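Everything on this sheet refers to the single structure shown next.
All ligand and atom numbering here is 1-based and tracks the order in the structure. Keep in mind the model is a prediction, meaning the values are calculated, not measured.
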Amino acid sequence: MPARTLAVVVLAAGQGTRMKSATPKVLHRLAGLPLIQHVLESSAALEPEHLVAVVRHERDLVVTSIVETTPTALIVDQDDVPGTGRAVEQAVEALPADFDGDVVVVSADVPFLDHGTLRGLLEQHREEAAAATLLSAVLPDATGYGRVVRLASGDVERIVEHKDATDAERALREINSGTYAFTVAALRAQLPRVGSANAQNEKYVTDVVGLLTGAGEKVAARAVDETWRLEGINDRVQLAVAARRLNDRIVEHWQREGVSIVDPQTTWIDRDVALSPDVELLPGTQLKGATYVAAGAVVGPDTTLVDTEVGEGAVVKRTDATLAVIGARASVGPFSYLRPGTTLGEGGKIGTFVETKNAEIGAGSKVPHLSYIGDTEVGTDSNIGAGTITANYDGVSKHRTEVGSNVRTGSHNVFVAPVRIGDGAYSGAGTVVRKDVPAGALALSIAPQRNASGWVEANRPGTAAAEAAARAERTTD
Ligand code: UD1
Ligand code: CA
């Protein structure tokens with residue numbers, strides 16, 4: 001017998017009132033990914049024939065996120081009838097009329113539900129030929145969740161929502177996770193019978209359970225031991241708890257892969273970050289997006305890297321970097337700000353109080369102190385003097401600065417772009433480089449220094465400076 005076909009329905013239409021946020025709840029991020037993306041990933045891993053997402057609140061924002069990763073998802077817009085029951089009903093209506101398989105229903109706000117747990121649910125549902133199988137968990141504090149009400153026989157009877165429950169029902173600790181497998185036939189038969197006479201005036205999908213058992217159909221509950229996997233995110237307290245938990249798991253994963261993490265409590269690593277063995281992460285490090293750190297690199301303390309690549313053996317200290325590429329054995333920081341488009345070659349240096357943007361700094365080249373380098377290309381083994389500014393913006397357009405290889409520029413230069421400094425050129429301290437500097441030339445733009453002898457004693461008589469000058473004259477006499 002061929003396996004029955006499968007549809008997965010992801011519920012994402014709710015407002016997420018308890019978040020008190022302008023951002024729809026399912027787009028709040030956990031380890032760098034919107035909540036709904038965690039759920040789409042485990043749903044897609046079931047390889048369903050149909051993946052349906054039900055949307056309504058801020059639907060355009062939610063749909064944009066869905067199609068980014070799951071362009072084949074069937075998007076269903078929930079109408080004015082509120083409740084998870086209506087959401088599932090409309091999802092089922094959107095399936096082909098001849099679809100006669102199983103429907104797995106998941107909520108977009110239950111991000112830890114993994115593929116293995118879903119697979120186990122579906123397998124049990126099919127083995128037991130149940131009309132519905134729900135994932136449940138026994139929680140020490142079940143507040144807020146729907147409770148699984150069982151008969152004296154131990155069989156599932158129905159689900160009651162917290163807001164509708166009696167005190168005795170509220171004392172039950174087995175909760176409905178909001179994740180179910182149904183036969184589509186069961187949903188088609190029962191959803192039209194679900195009303196909304198309850199505390200929230202909503203059409204609850206949970207009512208299908210009681211209707212099925214009332215009709216003599218089989219409903220199973222699969223209790224999950226890893227109860228945290230079923231926890232829903234409804235408010236920011238739960239979001240922070242979930243973020244902590246996921247981070248702990250990610251940190252432990254990388255520690256087991258050979259990464260030294262000095263302080264797991266203050267090290268935050270997004271889900272899509274990749275690390276090599278013998279990376280060392282110091283306290284206060286946040287690695288975000290698609291950041292990659294190669295073997296032997298040391299990152300931190302107090303460093304935030306977003307979509308940034310760090311090469312083998314590089315050292316990145318007290319740095320903020322976004323969309324930057326840091327070469328092998330390069331050194332960055334302390335107190336460096338690498339903005340998008342910064343690339344630093346092998347063995348290069350971006351030092352203290354240096355800001356870079358769209359800057360390609362070649363292998364062995366150094367920008368050690370107090371500089372702004374933007375829209376710039378620097379060749380190899382050049383040294384940019386302390387306090388150098390690329391004046392890249394004339395108030396209308398941005399212009400480029402090109403610095404060759406083996407260049408030595410003096411302290412406190414301004415490169416007024418567009419300008420080019422040739423290979424092996426030098427510039428004096430305080431030079432304002434307005435014209436191209438040919439290879440091997442020394443650029444000087446400053447007026448020669450003139451000393452007016454005796455100026456202080458003549459113009460500031462009686463001051464401490466004048467007295468010091470007089471003393472100095474006596475000793476040199
Ligand atoms: C739901 C369950 C509850 C369960 C809990 C587990 C119902 C009635 N209750 O409660 O038994 O213990 O999940 O986390 O199902 N949604 C829609 N359309 C709507 C309303 C909600 O798509 O009209 C979506 C939401 O976006 C969310 C999911 O359904 O992703 C669950 O909705 P939510 O309001 O969070 O339900 P709970 O009160 O948590
Ligand atoms: Ca919820």
Within the 4.0 Å heavy-atom cut-off, what I175 brings close to ligand 1 is neither

Aromatic plane relationship, F335 with F353 - under 30° parallel, 30 to 60° tilted, over 60° perpendicular:
parallel

Which one of A87, G14, A91 has a non-hydrogen atom at the shortest distance from atom 16 (N) of ligand 1?
G14

among protein heavy atoms, the one nearest atom 23 (O) of ligand 1 is G83 N, 2.7 Å

Do any nitrogen or oxygen atoms of V81 lie less than 3.5 angstrom from nitrogen or oxygen atoms of ligand 1?
no

Less than 3.5 Å between some nitrogen or oxygen of Y145 and one of ligand 1, yes or no?
no

Closest protein heavy atom (residue, atom, distance) for atom 12 (O) of ligand 1:
N176 O, 2.6 Å

Return the residue, atom name and 0.1 Å-rounded distance of the protein heavy atom closest to atom 2 (C) of ligand 1.
E161 OE1, 3.7 Å

Please list the nearest protein heavy atom to atom 28 (C) of ligand 1 with its residue and the distance rounded to 0.1 Å.
S107 OG, 3.4 Å

Counting non-hydrogen protein atoms only, what is the nearest one to atom 18 (N) of ligand 1? Give residue, atom name and distance.
Q78 OE1, 2.8 Å

Is it true that a side-chain atom of D270 and a backbone atom of V273 form a donor plus acceptor pair closer than 3.5 Å?
no

For ligand 1, does K25 get within less than 4.0 Å through its side chain, its backbone, both, or neither, judged by non-hydrogen atoms?
side chain

Can you find an N or O of G178 that's nearer than 3.5 Å to an N or O of ligand 1?
no

To the nearest 0.1 Å, how far is atom 32 (O) of ligand 1 from its closest protein heavy atom, and which atom is that?
T84 CG2, 4.0 Å

Best match, A12, S177, G232, A53: closest heavy atom to atom 6 (C) of ligand 1
S177

Nearest-neighbour protein heavy atom for atom 30 (O) of ligand 1, which is reported as residue plus atom name and distance
L11 O, 2.8 Å

Search all heavy atoms of Y372 against all heavy atoms of K357 and return the closest pair with its distance.
OH-CE, 3.9 Å

Considering the options L6, V104, L46, V10, which one meets the side chain to side chain contact (heavy atoms under 4.5 Å, CB included) requirement together with L51?
V10

In the protein, what heavy atom is nearest to atom 36 (O) of ligand 1, and what distance, to one decimal place, separates them?
R18 NH2, 4.6 Å

